[in-house]
Amino acid sequence: MSGWDGIDEFVAVAESGSFSRAAERLRVSSSHVSRSVARLEDRLQARLFYRTTRKVSLTESGRAFLARCQRLAEQRDDAFLAVGALQGGSDSEVKGLLRMTSATAYGEQFIMPLINDLMERHPQLSIEVELTNRQLDLVQEGYDLAIRLGRLSESSLVATRIAPRVMHLCAAPSYLERHGAPESLASLATHQCLIGTTDHWLFDDNGQDWLFRPRGRWRCNSGFSVLDAALRGFGLCQLPDYYVRGPVAEGRLVSLLDRHRPPNTAVWAVYPQKRHVPAKVHAAIRHLKDGLARRPEYR
């Protein structure tokens, strides 16, 4: 038995929220995932998940174990990327057309500056990027790489975590002075909410996913616009850490209900399964991972 046995299955269940979605992501059967996690729990002599007919959620031991397993998986992915880059050849062989896609706002702010830097380093590389909030079919539409945010659901793609993503509920001091701070998840229904690209907010309630459908007079599918509205005191927002870390540190936003913060998701680089991944894809993933780690929003 390998020390890795059950780790990938455990992480996939924790990040996708179900055994069936984890099986789709890993391209194995649900029974294989269930058996692997059960054997892992036996080895650890600890229960990692609460299981019901409708939900799967992490125990306290599971949460602590997940953080360490995610770091191990990232280090393993780094090792594969490093070897893949060597197998792909020298920098001069990073060439050809790289077609990729990313969510619009995140791509503009974080991805495109790094991709432009990558192109500058490799004069034989051409770039074609589609920034869209639609989830494109990479195989059908001929894309080499996509940057995806949050939980993954697709089963036909290889996924590499390139950055963390932690969601925060926030409001400006001016809003809290007028309306007070929510003291519980139930009290969110009494507040003005700033609605972004999703019509629901996810929270953790004693290890269970708790979905809230925000209501308010303001909606826009841009994270930066949501942030601006929150800073103006228009209402509550739920945004990833890379939007709000600076404003919270400066006191321009206040982080709320931190004990109910949802489990960490991630920023992913995903690409179609191939026997030999092109050097340009390896180079792009490694460059994005290293570049995002240097951004102040991720430190």
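What's counted below: heavy atoms across the whole structure, side chains too, no hydrogens, waters or symmetry copies. What you see is a predicted model; the values in this text were computed from it and never measured.
Sorted by first and then second residue, the pairs that involve residues 190-214 and meet salt bridge (Lys or Arg N to Asp or Glu O under 4.0 Å), not counting sequence neighbours, are Arg63-Asp204, Arg151-Asp209, Asp199-Arg213. Each salt bridge (Lys or Arg N to Asp or Glu O under 4.0 Å) pair with one or both residues in residues 170-192, not counting sequence neighbours, would appear here, but there are none.
Judged purely by distance below 3.5 Å, without hydrogens or angles, the side chains of His168 and Asp241 never pair a donor atom with an acceptor atom. Ser20 and Ser18 share a side-chain donor-acceptor pair at under 3.5 Å.
In this structure, the side chains of Asp144 and Lys280 come closer than 4.5 Å at one or more pairs of heavy atoms. A heavy-atom distance below 4.5 Å is not found between the side chains of Lys289 and Leu114. Within the 4.5 Å cutoff, the side chain of His287 has no heavy atoms near those of the Ile285 side chain. Looking at heavy atoms from C-beta onward, Arg43 lies in side-chain contact with Asp5 at the 4.5 angstrom threshold. For the pair Leu131 and Met112, the minimum side-chain heavy-atom distance is below 4.5 Å. Between Leu149 and Trp268, every side-chain heavy-atom pair lies at or beyond the 4.5 Å cut-off. The closest side-chain heavy-atom distance from Phe212 to His200 is not below 4.5 Å. Residues Glu9 and Val28 form no side-chain contact, since every pair of their non-hydrogen atoms from C-beta on lies 4.5 Å or further apart.
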I'd like a table of donor-acceptor pairs (distance under 3.5 Å, sequence neighbours excluded) in which one partner is a side-chain atom from residues 221-230, with atom names and distances.
from   : atom 1 : to     : atom 2 : distance (Å)
Ser222 : OG     : Phe224 : N      : 3.4
Ser222 : OG     : Ser225 : N      : 3.2
Ser222 : OG     : Ser225 : OG     : 3.3
Asp228 : OD2    : Arg232 : NE     : 2.8

Derivation and outcome, side chain to side chain contact (heavy atoms under 4.5 Å, CB included), residues Leu26 and His32: CA-CA 10 Å; Leu26 297 173; His32 168 85; over 6 Å; no
Verdict with supporting geometry, Thr101 and Gln135, side chain to side chain contact (heavy atoms under 4.5 Å, CB included): CA-CA 9 Å; Thr101 179; Gln135 191 156 295; over 6 Å; no
Glu41 and Arg35: CA distance, side-chain angles, deciding distance, salt bridge (Lys or Arg N to Asp or Glu O under 4.0 Å) verdict: CA-CA 10 Å; Glu41 289 178 320; Arg35 286 194 301 269; over 6 Å; no
Leu169/Ser255 under side chain to side chain contact (heavy atoms under 4.5 Å, CB included): CA gap, chis, key distance, verdict: CA-CA 6 Å; Leu169 179 72; Ser255 186; over 6 Å; no
Intermediate values then yes/no, side chain to side chain contact (heavy atoms under 4.5 Å, CB included), Leu188 and Phe203: CA-CA 11 Å; Leu188 291 175; Phe203 296 92; 3.7 Å; yes
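In this structure, Leu236 is not a member of the same hydrophobic cluster as Val166, with clusters built from ILVMFWY side-chain heavy atoms closer than 4.5 Å. Neither Leu256 nor Leu253 shares a network with the other; the hydrophobic side chains, linked directly or stepwise wherever heavy atoms of I, L, V, M, F, W or Y lie under 4.5 Å apart, form separate groups for each. At a threshold of 4.5 Å between side-chain heavy atoms, the hydrophobic network of Ile, Leu, Val, Met, Phe, Trp and Tyr places Ile115 and Val281 in one connected group. Hydrophobic clustering (side-chain heavy atoms under 4.5 Å, transitive across Ile, Leu, Val, Met, Phe, Trp, Tyr) keeps Tyr50 apart from Leu202. Taking hydrophobic clusters as Ile, Leu, Val, Met, Phe, Trp and Tyr residues chained together by side-chain heavy-atom distances below 4.5 Å, Val158 shares a cluster with Ile147.
Of all the heavy atoms in Val248 and Cys170, the pair that sits closest is CG2-SG, 4.0 Å. Looking at every heavy atom in both residues, Leu194 comes nearest to Cys237 through CD1-CB, 4.3 Å. The heavy-atom pair separating Ala283 from Leu118 by the smallest distance is O-CD1, 4.1 Å. Minimum heavy-atom separation, Gln238 to Trp201: OE1-CB, 3.2 Å. The nearest pair of heavy atoms linking Phe234 to Gln192 is O-CB, 3.8 Å. Between Ala172 and Leu231, the shortest heavy-atom contact is CB-O, 3.9 Å.
Between the CZ atom in Arg134 and the CG atom in Asp137 there is a gap of 11.0 Å [rounded to 0.5 Å]. For the atom pair CZ (Arg121) and CG (Asn116), the distance works out to 12.5 Å, reported to the nearest 0.5 Å. Ser184 contributes atom OG, which lies 7.5 Å from atom CZ of Arg259 (distance to the nearest 0.5 angstrom). Atom OH of Tyr242 is separated from atom CD of Gln109 by 11.0 Å, given to the nearest 0.5 angstrom.
In terms of the salt bridge (charged side-chain N to carboxylate O under 4.0 Å, His left out) criterion, Asp42 has no residue partners (sequence neighbours excluded). Glu120 pairs by the salt bridge (charged side-chain N to carboxylate O under 4.0 Å, His left out) definition with nothing, not counting sequence neighbours. With sequence neighbours excluded, no residue forms a side chain to side chain donor-acceptor pair (under 3.5 Å) with Arg215.
A donor-acceptor pair under 3.5 Å is absent between the side-chain atoms of Asn133 and the main chain of Thr197, judged by distance alone. Between the side chain of Arg99 and the backbone N or O of Glu130 there is no donor-acceptor pair closer than 3.5 Å. A donor-acceptor pair is defined here as one N or O able to donate and one able to accept, closer than 3.5 Å; no such pair exists between the side chain of Arg51 and the backbone of Val56.
By the 6.0 Å contact criterion, CD on Glu60 is open, its count of non-hydrogen atoms from other residues, nucleotides or ligands being 12 or less.
Between Phe49 and Phe10, the ring centre distance stays below 6.0 Å.
Comment: Asp290 does not engage Arg294 in a salt bridge, judged by the lack of any side-chain N to carboxylate O separation of less than 4.0 angstrom.
A side chain to side chain contact (heavy atoms under 4.5 Å, CB included) with Phe65 is found for one member of Thr59, Val11, Ile7 and no other, namely Ile7.
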